[in-house]
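Here's the structure we're looking at; comments come further down.
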Amino acid sequence: MISLQNVSKFYPPTQKGGKPVLAVDDFDAQIEAGEFVCIVGPSGCGKTTVLNMVAGFESVSQGDIVVNGVPVRKPGPDRAVVFQQPSLLPWMTVFDNIGFGLTLQEGRKTRSHDKVAKIIEIMGLKGFENHFPYQLSGGMQQRAAIARALITEPQMLLMDEPFGALDAQTRTDMQKFLLTIWDRLRPTVLFITHDVEEAIVLADRVIVMTPRPGRIAQVIDIGLGRPRNWDMVLSPEFLRYKKEVLHILRPPHSQTAG
């Protein structure tokens with residue numbers, strides 16, 4: 001479904017006369033339709049840059065990104081993005097915020113009342129249709145943001161640390177909820193996170209990146225089965241995957257005693 005072919009990204013020099021900054025270097029990956037892929041890596045390694053290039057928010061400096069055989073040149077309705085902050089419109093109700101996704105797509109105020117009502121029920125927001133964002137918890141705001149992305153029926157859901165601002169319990173609840181929705185609707189998901197456990201819990205495959213310039217250090221297939229049993233986080237298999245990812249992120253020669 002999506003192919004990143006030897007993708008690199010340069011930014012202008014940070015100071016006059018300096019060299020361009022290489023943020024992502026020779027990133028090469030294939031993501032199949034309906035697959036759930038997580039990217040993990042240290043802060044500043046280029047995870048979000050990769051997602052922004054797939055979304056069409058930023059252009060590649062070298063290489064190609066191709067979705068269903070079409071090179072990515074700009075944002076498109078086939079790719080919906082969910083950010084860390086829900087970015088709901090504060091003057092709109094939950095119903096209108098979710099329907100706004102269709103308005104943007106169709107160029108007019110949505111008349112698809114039944115479609116909005118259905119996804120509100122799927123997302124567990126029934127009874128909160130007429131609430132404003134400030135009246136919702138952080139987790140419910142993010143549910144509304146995900147609903148707004150999904151209502152346009154994108155082929156790909158791009159998620160940039162969407163649960164990073166939530167407390168630990170709400171984050172776990174949202175991970176479970178996202179997997180339930182994914183299992184039901186099966187969009188292709190590219191999910192950015194710095195949390196190793198979150199990546200293993202969610203993904204079919206985990207792409208581990210190096211420090212900047214961001215390269216692919218390793219791609220790990222997560223064979224924990226579907227649907228995920230939450231007790232798996234205590235299993236030897238889960239701990240083995242966690243140890244493997246952490247070993248790549250923090251190789252023994254880079255660690256110091258103290």
Side-chain angles (χ1 to χ4, degrees), residues 1-2 31-38 48 51-52 54-57 67-68 70 72 74-166 170-171 173-193 202-203 227:
M1 173 159 185
I2 183 165
I31 300 173
E32 301 299 326
E35 193 174 18
F36 200 127
V37 173
C38 286
T48 294
L51 183 138
N52 285 340
V54 174
F57 297 153
V67 175
N68 287 336
V70 180
V72 172
K74 60 182 180 179
D78 56 340
R79 286 154 285 139
V81 183
V82 178
F83 301 99
Q84 182 171 343
Q85 299 298 330
S87 66
L88 299 173
L89 301 174
W91 60 88
M92 286 187 177
T93 64
V94 167
F95 188 96
D96 289 339
N97 261 291
I98 294 171
F100 189 62
L102 287 177
T103 301
L104 290 175
Q105 185 183 63
E106 299 171 1
R108 59 177 171 77
K109 187 173 177 59
T110 180
R111 297 170 191 163
S112 304
H113 184 281
D114 291 345
K115 190 172 185 179
V116 178
K118 182 178 179 181
I119 200 163
I120 282 175
E121 184 171 359
I122 290 173
M123 302 300 285
L125 293 169
K126 190 172 177 60
F128 295 89
E129 299 93 328
N130 297 317
H131 284 58
F132 291 92
Y134 76 89
Q135 296 174 306
L136 305 177
S137 67
M140 293 184 75
Q141 289 181 28
Q142 198 59 288
R143 286 190 188 200
I146 295 171
R148 186 173 64 188
L150 288 175
I151 198 169
T152 60
E153 300 180 10
Q155 297 173 349
M156 190 163 206
L157 192 60
L158 308 175
M159 311 188 78
D160 190 7
E161 300 200 44
F163 309 144
L166 303 177
T170 303
R171 185 171 186 148
D173 291 342
M174 287 299 296
Q175 291 165 358
K176 294 178 181 178
F177 176 75
L178 176 60
L179 285 181
T180 299
I181 295 300
W182 174 80
D183 191 55
R184 182 170 179 175
L185 303 177
R186 284 302 169 108
T188 305
V189 179
L190 180 62
F191 190 104
I192 306 299
T193 181
L202 296 175

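Residue numbers start at 1 and run along the sequence shown. Only this structure's heavy atoms are used, side chains among them; waters, hydrogens and symmetry mates stay out. Remember, it's a predicted structure, so these values are computed and weren't measured experimentally.
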Run through Asp114, Leu150, Ile146 and flag the one making a side chain to side chain contact (heavy atoms under 4.5 Å, CB included) with Ile119.
-> Leu150

Taking Arg79 for its side chain and Leu158 for its backbone only, find out whether a donor-acceptor pair lies under 3.5 Å.
-> no

Thr180 side-chain N/O to Lys176 backbone N/O, donor-acceptor pair under 3.5 Å | yes

Residue pairs, two or more places apart or on separate chains, that pass side chain to side chain donor-acceptor pair (under 3.5 Å) and touch residues 133-146 | none

Got a sec, which residues hit side-chain hydrogen bond (donor to acceptor under 3.5 Å, both in side chains) with Gln175, two or more places apart in sequence or on another chain?
-> Glu198

Any donor-acceptor pair under 3.5 Å from Asp78 side chain to Gln155 backbone | no

Over all atoms of both residues, closest heavy-atom pair of Pro187 and Pro154 = CB-O, 4.4 Å

Please determine which of Leu179, Leu190, Thr188 meets the side chain to side chain contact (heavy atoms under 4.5 Å, CB included) test together with Phe36.
-> Leu179

Say whether, by atom type as modelled, one donor and one acceptor occur between the side chain of Asp160 and the main chain of Ile192 under 3.5 angstrom.
-> no

Which of parallel (below 30°), tilted (30 to 60°) and perpendicular (above 60°) describes Phe163 and Phe191?
-> tilted

Closest non-hydrogen atoms of Ile31 and Met156, given as atom of the first, atom of the second and distance, are CD1-CE, 4.2 Å

For Asn52, which residues count as a side-chain hydrogen bond (donor to acceptor under 3.5 Å, both in side chains) partner, sequence neighbours excluded?
-> Glu58

